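Notes for the one structure printed next.
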Amino acid sequence: VQLQASGGGLVQAGGSLRLSCAASGRTFSTYGMGWFRQAPGKEREFVARIGWSGLRTYYSDSVKGRFTISRDNALNTVYLQMDSLKPEDTAVYYCAADRRPYYSGSILYTEIPYDDWGQGTLVTVSS
C-alpha cells in the first residue's frame with residue numbers, strides 16, 4: 001500500500017490544520033489507519049487511530065479533545081483534523097496502514113500493527 005500524506009504547514013498556536021493521507025489499493029476499507037508524529041530529537045509517537053469502519057477511534061492523551069481522526073473509504077483517504085494547536089505539536093506527521101487489523105488493546109497505541117508508512121508531512125506551530 002502506498003500512502004501519501006499532505007496538508008502540513010506553518011500555523012500559529014491556537015490555529016487549525018487538516019492533514020490528509022491518500023492510500024492506493026482497492027481494500028483500503030478493510031485497513032485500520034493511524035497517525036504518528038516525530039518531533040525533532042524525539043522518537044516517533046502514536047497520535048490517533050481509526051478502525052476500518054470509522055466507528056472506533058483512539059487518541060493519545062496529548063491530543064485527545066483537540067484532534068479528530070476520520071476517514072472516507074470511497075476516497076481511500078484518512079484525515080486528521082488538528083485544532084487548538086500548540087507549539088509542542090510541531091513534528092513530522094506520518095500516516096500508516098494496518099492491513100490485517102486483528103490486534104486489540106494497548107498494542108493499538110504502538111507502531112506494531114502497522115505495515116505501511118507514508119513519507120510524512122511537516123507541521124510547525126509557532127508561539
Side-chain angles (χ1 to χ4, degrees):
V1 176
Q2 292 187 326
L3 302 171
Q4 182 70 43
S6 62
L10 174 64
V11 63
Q12 288 188 331
S16 298
L17 279 176
R18 188 176 82 155
L19 306 183
S20 300
C21 176
S24 64
R26 292 183 289 181
T27 54
F28 173 80
S29 63
T30 66
Y31 304 160
M33 296 296 296
W35 286 97
F36 289 75
R37 67 186 182 186
Q38 187 168 21
K42 295 187 177 181
E43 294 187 351
R44 190 159 57 187
E45 64 174 1
F46 171 82
V47 174
R49 174 186 171 96
I50 189 166
W52 63 270
S53 67
L55 294 178
R56 293 189 177 184
T57 57
Y58 310 80
Y59 297 94
S60 68
D61 288 342
S62 62
V63 307
K64 195 175 298 181
R66 300 187 298 120
F67 290 11
T68 303
I69 189 170
S70 62
R71 67 190 297 160
D72 187 333
N73 287 341
L75 296 179
N76 278 19
T77 302
V78 63
Y79 304 98
L80 186 68
Q81 177 67 41
M82 306 185 295
D83 299 318
S84 302
L85 282 161
K86 304 175 181 180
E88 51 263 45
D89 295 318
T90 294
V92 176
Y93 283 72
Y94 299 89
C95 58
D98 174 5
R99 287 188 268 118
R100 293 171 292 272
Y102 48 73
Y103 288 106
S104 62
S106 59
I107 288 179
L108 296 178
Y109 296 81
T110 73
E111 296 187 18
I112 292 173
Y114 297 94
D115 306 290
D116 305 288
W117 293 81
Q119 86 290 359
T121 185
L122 176 63
V123 172
T124 304
V125 184
S126 63
S127 57

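From a predicted model like this one, the values you see are computed outputs, not experimental measurements.
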Return all side-chain donor-acceptor pairs below 3.5 angstrom for residues 120-127, not counting sequence neighbours, or 'none' if the list is empty.
| residue | atom | partner | partner atom | Å |
| --- | --- | --- | --- | --- |
| Thr121 | OG1 | Gly8 | N | 3.1 |

Would you check if the distance from the ring center of Phe36 to the ring center of Trp117 is below 6.0 Å?
yes
For a 4.5 angstrom cut-off between non-hydrogen side-chain atoms, does Val11 reach Ser16?
no
So, the side chain of Arg66 versus the backbone of Ser84: is there a donor-acceptor pair under 3.5 Å, distance only?
yes
Closest non-hydrogen atom pair, Tyr59 against Ala48
CD2-CB, 3.7 Å
To check you understand the geometry: which heavy-atom pair defines the closest contact between Ile69 and Met33, and what is its length?
CD1-O, 3.9 Å
Just by distance, do the side chain of Gln119 and the backbone of Ala5 share a donor-acceptor pair under 3.5 Å?
yes
Is the backbone N or O of Trp52 less than 3.5 Å from a side-chain atom of Asp98, with the two atoms forming a donor-acceptor pair by type?
no
Looking just at side-chain N and O atoms, do Tyr31 and Arg99 make a donor-acceptor pair shorter than 3.5 Å?
no
If hydrophobic clusters are built from ILVMFWY residues whose side chains come within less than 4.5 Å, do Tyr94 and Tyr79 share one?
no
Dump the intermediate steps for salt bridge (Lys or Arg N to Asp or Glu O under 4.0 Å) on Lys64 and Asp61, then the final yes or no.
CA-CA 5 Å; Lys64 195 175 298 181; Asp61 288 342; 3.4 Å; yes
Do you know the tightest heavy-atom contact between Val1 and Ala23?
CG1-CB, 4.2 Å
Identify which one of Ile50, Thr68, Val47, Val63 satisfies the side chain to side chain contact (heavy atoms under 4.5 Å, CB included) criterion when paired with Leu80.
Val47
Quick one: OG on Ser29 to CG on Asp72, what's the gap to the nearest 0.5 Å?
11.0 Å
Quick one, Asp89 and Phe67 - any side-chain contact, counting heavy atoms below 4.5 Å?
yes
Within 45 degrees of the ring normal and closer than 6.0 Å to the centroid, is that where the cationic atom of Arg71 sits relative to Phe28?
yes
Got a second to check how far Ser62's OG is from Arg37's CZ, nearest 0.5 Å?
4.5 Å
Without swapping roles, check the side chain of Asn73 against the backbone of Ser53 for a donor-acceptor pair under 3.5 Å.
no
Taking Ser24 for the side chain and Gln2 for the main chain, is one N or O donor matched with an acceptor at less than 3.5 Å?
yes
Note: Tyr114 and Ala96 closest approach over all heavy atoms is CD2-CB, 3.5 Å
On a heavy-atom basis, which atom in Leu108 and which in Phe46 lie closest, and how many Å separate them?
O-CE1, 3.5 Å
Give the ring-plane orientation class for Tyr58 versus Tyr109, where under 30° counts as parallel, over 60° as perpendicular and anything between as tilted.
perpendicular
What's the separation between atom CD in Gln38 and atom CD in Glu43, rounded to the nearest 0.5 Å?
8.0 Å
For Ser70 and Val78, which heavy atoms make the closest approach, and how far apart are they?
O-CG2, 3.1 Å
